[in-house]
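Below is one structure, written out as structure tokens; the observations come after it.
This structure is a prediction, so every number in the text was calculated from the model and none was measured. The sequence lines fix the lettering, A, B, ..., with proteins before strands; numbering per chain opens at 1.
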Amino acid sequence: MSEMNTNKYKGGEEPGATRVRFAPSPTGHLHVGGARTALYGWLFARSRKGSFILRIEDTDRHRSTEESVEQIISSLQWLGLDWDEGPGVGGDRGPYRQMERMEIYKEAAAALLESGKAYRCYCSPEELDAARANAKAAGKPFVYNGRCANLTAVDEEKLKAGGRGSVVRLRLPDTGVTIVRDIIKGDVEFDNSILGDFILLRSSGIPTYNFAVSVDDAHMGVTHVIRGDDHLPNTPRQILLLEAMGEKLPAYAHLPLILGPDKTPFSKRHGASSVEEFRSQGYVREALCNYLALLGWSLDGETTLFSVEELIEKFSLERVGSTASVFDNEKLSWMNGHYIRSMDSEELASRIEQFIENTVLAGLPGTDDKPSVTDLVPLVQEKMKTLADFVDLTEFFFHPATFEEKALSRLVKDANAPAVLANAAEVLSSLDVFSVEAIESTLRQSADDLELKLGKFLQPIRISVSGKTITPGMFETLEMLGREESVSRLLAAIDLLKNSG
RNA sequence: GGCGCAUUCGUCUAGUGGCCUAGGACGCCGCCCUCUCACGGCGGUGGCAGGGGUUCAAAUCCCCUAUGCGCUACCA
């Protein structure tokens, strides 16, 4: 029974012949939902040694922008998802932007018109809107009534002479069912009677989504259509269209949605939602790819950490789940911290250097007597969850300590603070060698002398030199700050305490 | 309204009729480690949407209900 339509499909042939496309509409940044779709398609293509194609679906002239095309491309590149055919790399099935493919659509429409599988419709948008309104008022589904389906040449001449514009519609059966064989959703059956003869070419001559996508998928030899499941209800139309054009069908895989915490489709309302935003918040590509891969796919329910290479090796569409999933920033952050921790220090340093160019630290590390990013990485690597954390953790090395409210009040309330700071300033000034080891042993000794636990002893010092309650290890921090700066900050804090009485 | 998809711990998920006293991960809680914060280690909390069937046996199969979402455009 399920073998019934097998010969209509072309998916599943030799792996190397696999062709997958990612087809975003350039109407904004690359959203994480789009990024996941791209990732799955890319992983699938790479795992089958096939081709990954980028196609820009810019037929919505009102919403498409060139900036958006550039942003999407830059996000894909940042994620490491490269394409074999598409903008910037070419390919022999191009062009890869739909607005540059008008001739191809016109020809396809002409062929359909010629064979009688499509026809011109002269109904105006106003008439159609009215019909839709009527149907709704009557509580009935709106299906185009086929008024123009059987016009004679004479009728057409008359309508044209009357100045009527026309669209091209596909002639569809109004009986029977169309079955979408979906790798993720299984076989889904649609009644042809509710489809209606839909529009292929608008009166402007620009193709509609369903037409452009079908013509392009066929023309580009796409074997696997991997996209969001909001497209599932459109798929029977595309199947019927492909069949009308005499094309074989690609395999379909409709991915479930990504939701926000409130279970509605994930969007900017939920905070960061685009790849660009996550990038600028200091997330690394390894974490985003790994996290996105797991949002809807799992290998065994046990393994959670995958390198890109492992993903390519293990990924399969069959193990993509069919339920929508909620995007969880906490888990992404945890994963991001994991990747930051496991990165080798030169690599981390170079990522941080790029990242801080857009922050208050821009241009500061490594200048004058300031520590470089490389100097600082060992102190903060295991504390960072995002690259942005580097800034919070190390800013006080580059600017005079500004006291956080909480830190200041703790310092003021700490009865031991004056004694601790005086002691520390003194012993640190008289140290022969200002090294981590020397600092540690002398400060431990001081803590003992004052009969304070080390933590209790170090906290006033921490706050005095950094203005914060959280810093990298204190001994390392003091060494990095240098004797002079350390002591002067301690002295300044002592004054501060006196004056605040 | 019609059509479609979906429903396992708070979240991501494993589970394809007996191995489930439902497993893992994030989060959360507790303990340990500890100079703060993280990290790490150990332990814990917590779930099959509801109702009917089928079966010796159901998270797993069928039906109904509920809820959420999508599509229903000369948007994609």
Report which part of the nucleic acid [X] touches: base, sugar-phosphate, or nothing (heavy-atom distance under 4.0 Å, all strands).
X	answer
A/Thr304	sugar-phosphate
A/Lys453	nothing
A/His231	base
A/Cys121	nothing

Which whole-number value in Å describes the distance from [X] [atom1] to [N] [atom2]?
X	N	atom1	atom2	value
A/Leu411	B/rU36	CG	C1'	14 Å
A/Tyr339	B/rC39	OH	C1'	17 Å
A/Ile470	B/rC39	CD1	C1'	14 Å
A/Glu479	B/rC35	CD	C1'	16 Å
A/Arg237	B/rC3	CZ	P	15 Å
A/Phe142	B/rC71	CZ	C1'	15 Å

Check: Taking OP1 and OP2 of B/rA76, is either one under 4.0 Å from a side-chain nitrogen or oxygen of A/Thr59?
Finding: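 So the side-chain polar atoms of A/Thr59 do come within 4.0 Å of the phosphate oxygens OP1 or OP2 of B/rA76, strictly under.
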
Margin query: List the residues meeting ring pair (Phe, Tyr, Trp, His ring centres under 6.0 Å) with A/Tyr105, not counting sequence neighbours, and say none if there are none.
Written below: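 For A/Tyr105 there are no ring pair (Phe, Tyr, Trp, His ring centres under 6.0 Å) partners, ignoring immediate neighbours.
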
Check: Ring centres of A/Phe278 and A/Phe327 under 6.0 Å apart?
Finding: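 That pair passes the under 6.0 Å test.
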
Item checked: Contact list for RNA chain B against residues 386-398 of chain A - heavy-atom distance below 4.0 Å ->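 The answer is none.
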
Notebook entry, point to check: Do the side chain of A/Ser203 and the base of B/rC74 come within less than 3.5 angstrom through a donor-acceptor pair of N or O atoms?
Noted result: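 Looking at the base of B/rC74, it does pair with a donor or acceptor on the side chain of A/Ser203 (distance under 3.5 Å).
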
Next item on the list: Please state whether the base of B/rC35 and the side chain of A/Arg462 form at least one donor-acceptor pair under 3.5 Å?
Entry: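 Under the 3.5 Å cut-off, the side chain and the base do form a donor-acceptor pair.
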
Checklist line | Set of salt bridge (charged side-chain N to carboxylate O under 4.0 Å, His left out) partners for A/Arg444, sequence neighbours left out | finding: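 Counting only residues at least two positions away or on another chain, A/Arg444 forms a salt bridge (charged side-chain N to carboxylate O under 4.0 Å, His left out) with A/Glu440.
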
Next item on the list: Output every pair passing side chain to side chain donor-acceptor pair (under 3.5 Å) with a member in residues 401-426 of chain A, not counting sequence neighbours, ordered by first then second residue.
Entry: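 For residues 401-426 of chain A: A/Asn423-A/Ser446.
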
Check: Can you give one letter per nucleotide of nucleotides 4-12 of chain B, going 5' to 3': B for a protein heavy atom under 4.0 Å from the base, S for sugar-phosphate only, - for none?
Finding: SSSS---SB

Note to self: Protein within reach of the bases, or only the backbone? For nucleotides 40-45 of chain B, mark each nucleotide 5' to 3' as B, S or -, using heavy atoms under 4.0 Å.
What the structure shows: S-----

Notebook entry, point to check: Cationic tip of A/Arg36 within the cone over A/Tyr40's six-membered ring, i.e. under 6.0 Å and within 45° of the normal?
Noted result: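 Geometry flag: set, cation within 6.0 Å and 45°.
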
